[in-house]
Q: 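This structure is in structure tokens; I'll ask about it shortly.
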Amino acid sequence: MSSEISVIGHRGMPTKFPDNSLPGFVAAARICDRVELDIRRSLDGKLVLSHDPTIGGLSVNDTPWSVLAEIDLGQGVKPCLFDEALAALPDTPVLIEVKNSPADPGYEADSRLALEAASRTRPFDAIISFNWESVERVRHYFPDVATGLNVGGLGDLGDAVSRCLDGGHRYLVPDVDLLMTAGGVAPPGVETFVWSSQRFHDFASGLDELVSFGVSGIITDDPESTRALIRSLP
């Protein structure tokens, strides 16, 4: 069973490179089965990779790409665009997390960000988000694009499972603590990819249990250690 668990680089490989950066994605692709990234929209409409609403103290949605592109994320690495990431990962499946929370600046009630991202996906990519309405609109307008629902630690896992099954979403993406607390088994016909805000050690302490739950993949900040741990299981 353990050999079937996918390793997914969370925002690339943050243990060695800045989040959502091209060097991190390229490094993760050498180790991982998939990578995960986050997209937002800049002032001039570019799809920019960023987990947070700000980069270098500048609000992504209020700043043109020409300015964002010059910010040093660390190690001399600059931000990148969604299209640049896809081009750098020609054979690596990507989980594209659409950042479109009503609480964030730049929120798009019409889900344009998700729909635009979906229009650029390859057959092996997927659109995921905590904004389930955005994901459901992708299912409606792009039925051939794989989709998934993110669930935070305080979310309703049962509701997410029901929506995945009813809405045809291929992936369930819950916080690992939520899944462990619920003692949930991965629903049939849906692949479950767990993630953690507490980085790698959460998985190290409960990987056997995750295997027993039928988890399909682990979204991890430390893909090298996670891969080694999975390989060490019987």
Q: What do the steps show when you test Trp195 against Val176 for side chain to side chain contact (heavy atoms under 4.5 Å, CB included), and what is the final call?
A: CA-CA 6 Å; Trp195 55 275; Val176 66; over 6 Å; no
Q: Where the side chain of Asp19 meets the backbone of Pro14, is there a donor-acceptor pair that is under 3.5 Å apart?
A: no
Q: Identify whether Val98 and Leu89 are in the same connected component of the hydrophobic contact network (ILVMFWY, side-chain heavy atoms under 4.5 Å).
A: yes
Q: Enumerate donor-acceptor pairs with a distance under 3.5 Å from any side-chain N or O in residues 47-54 to protein atoms, sequence neighbours excluded.
A:
unit_1	atom_1	unit_2	atom_2	d
Ser50	OG	Asp52	O	2.7
His51	NE2	Arg11	NH2	3.1

Q: Which residues pass the side-chain hydrogen bond (donor to acceptor under 3.5 Å, both in side chains) test with Asp104, sequence neighbours left out?
A: Arg40
Q: With rounding to the nearest 0.5 Å, note down the distance linking CG in Leu210 to CD1 in Ile5.
A: 7.0 Å
Q: Starting from Val173, can I reach Val145 by hopping between I/L/V/M/F/W/Y residues whose side chains sit under 4.5 Å apart?
A: no
Q: Should Ile39 and Asn20 count as side-chain neighbours, where that means a heavy-atom distance under 4.5 Å?
A: no
Q: Got a second to check how far Asp159's CG is from Leu149's CG, nearest 0.5 Å?
A: 9.0 Å
Q: Output, in order, the C-alpha distance, side-chain angles, deciding distance and verdict of side chain to side chain contact (heavy atoms under 4.5 Å, CB included) for Arg137 and Ser134.
A: CA-CA 5 Å; Arg137 288 190 180 182; Ser134 287; 5.8 Å; no
Q: Can you tell me how far the CZ atom of Arg122 sits from the CG atom of Asp91, to the nearest 0.5 Å?
A: 8.0 Å
Q: Examine Val215 and Val151 and state if one hydrophobic cluster contains both, with Ile, Leu, Val, Met, Phe, Trp and Tyr joined whenever side-chain heavy atoms are less than 4.5 Å apart.
A: yes
Q: Can you tell me if Asp177 uses its side chain to pair, donor with acceptor, with the backbone of Gly153 under 3.5 Å?
A: no
Q: Measure the spacing between CG of Leu172 and CG of Leu157 and express it to the nearest 0.5 Å.
A: 6.0 Å
Q: Roughly how far, to the nearest 0.5 Å, is CG of Asn131 from CD of Glu108?
A: 10.5 Å
Q: Could you work out, with side-chain hydrogen bond (donor to acceptor under 3.5 Å, both in side chains) as the rule, every residue matching Ser59, not counting sequence neighbours?
A: Asn61
Q: Using a 3.5 Å distance criterion without hydrogens, assess whether the side chain of Glu36 forms a donor-acceptor pair with backbone atoms of Leu95.
A: no
Q: What about Ile8 and Val35, same hydrophobic cluster or not, with Ile/Leu/Val/Met/Phe/Trp/Tyr joined at side-chain heavy-atom distances under 4.5 Å?
A: no
Q: So, for Phe17 and Ala27, which heavy atoms are closest and what is the spacing to 0.1 Å?
A: CE1-CB, 3.6 Å
Q: Answer whether the closest heavy-atom distance between the side chains of Met180 and Phe213 falls below 4.5 Å.
A: yes
Q: In chain order, what residues pass the side-chain hydrogen bond (donor to acceptor under 3.5 Å, both in side chains) check against Ser129, with sequence neighbours excluded?
A: none
Q: Taking only Lys NZ, Arg NE, NH1 and NH2, and the carboxylate oxygens of Asp or Glu, determine whether Arg170 and Glu191 approach each other closer than 4.0 Å.
A: no
Q: Backbone N or O of Leu229 within a donor-acceptor pair of the Ser232 side chain at under 3.5 Å?
A: yes
Q: Please list, chain by chain and in numerical order, all residues satisfying salt bridge (Lys or Arg N to Asp or Glu O under 4.0 Å) with Asp110, sequence neighbours excluded.
A: Arg112
Q: Would you mind listing every salt bridge (Lys or Arg N to Asp or Glu O under 4.0 Å) that reaches into residues 23-34, with sequence neighbours excluded?
A: Asp33-Arg227
Q: Give me the atom names and distance for the closest heavy-atom approach of Pro223 to Ile31.
A: O-CG2, 4.0 Å
Q: Is there a side-chain contact between Lys46 and Leu68, using heavy atoms and a 4.5 Å cut-off?
A: no
Q: Restricting to salt bridge (Lys or Arg N to Asp or Glu O under 4.0 Å), what partner residues turn up for Glu97, sequence neighbours left out?
A: Lys99
Q: Measure the CD1-OG distance between Ile230 and Ser225 for me, rounded to the nearest 0.5 Å.
A: 11.0 Å
Q: Name the atoms and distances for all side-chain donor-acceptor pairs under 3.5 Å in residues 160-167, with sequence neighbours left out.
A:
unit_1	atom_1	unit_2	atom_2	d
Ser162	OG	Gly158	O	3.1
Arg163	NH1	Glu136	OE2	3.4

Q: Ignoring hydrogens and angles, write down the donor-acceptor pairs under 3.5 Å from the side chains of residues 74-84, residues two or more places apart or on other chains.
A:
unit_1	atom_1	unit_2	atom_2	d
Gln75	NE2	Lys16	O	3.1
Asp83	OD1	Arg120	NH1	3.2
Asp83	OD2	Arg120	NH1	2.8
Glu84	OE1	Leu81	N	2.8

Q: Has the side chain of Ser119 got a donor or acceptor atom that lies under 3.5 Å from a matching backbone atom of Glu116?
A: yes
Q: Side chains of Thr147 and His169 only: does a donor on one sit below 3.5 Å from an acceptor on the other?
A: yes
Q: Got a sec, which residues hit side-chain contact (heavy atoms from CB on, under 4.5 Å) with Pro64, two or more places apart in sequence or on another chain?
A: Leu43, Asp44, Ser66, Val67
Q: Check this for me: Tyr141, atom OH, are more than 12 non-hydrogen atoms of other residues, nucleotides or ligands nearer than 6.0 Å?
A: no
Q: Evaluate the side-chain proximity of His10 to Thr220: yes if any heavy-atom separation is below 4.5 Å, no if none is.
A: no
Q: Tell me whether the rings of Tyr171 and Phe193 are parallel (<30°), tilted (30 to 60°) or perpendicular (>60°).
A: parallel
Q: According to a 4.5 Å side-chain heavy-atom criterion applied to Ile, Leu, Val, Met, Phe, Trp and Tyr, with indirect links allowed, do Leu113 and Phe142 form part of one hydrophobic cluster?
A: yes
Q: Please name the residue in the list Ile96, Ile128, Leu115 that meets the side chain to side chain contact (heavy atoms under 4.5 Å, CB included) test with Val138.
A: Leu115
Q: How far apart are the closest heavy atoms of Ile71 and Gly56, and which atoms are they?
A: CG2-CA, 4.2 Å
Q: With Asp156, which residues qualify under salt bridge (Lys or Arg N to Asp or Glu O under 4.0 Å), at least two apart?
A: none
Q: By side-chain hydrogen bond (donor to acceptor under 3.5 Å, both in side chains), which residues pair with Thr92, not counting sequence neighbours?
A: none
Q: Mark yes or no for whether Thr121, through its side chain, and Asp125, through its backbone, hold a donor-acceptor pair below 3.5 Å.
A: no
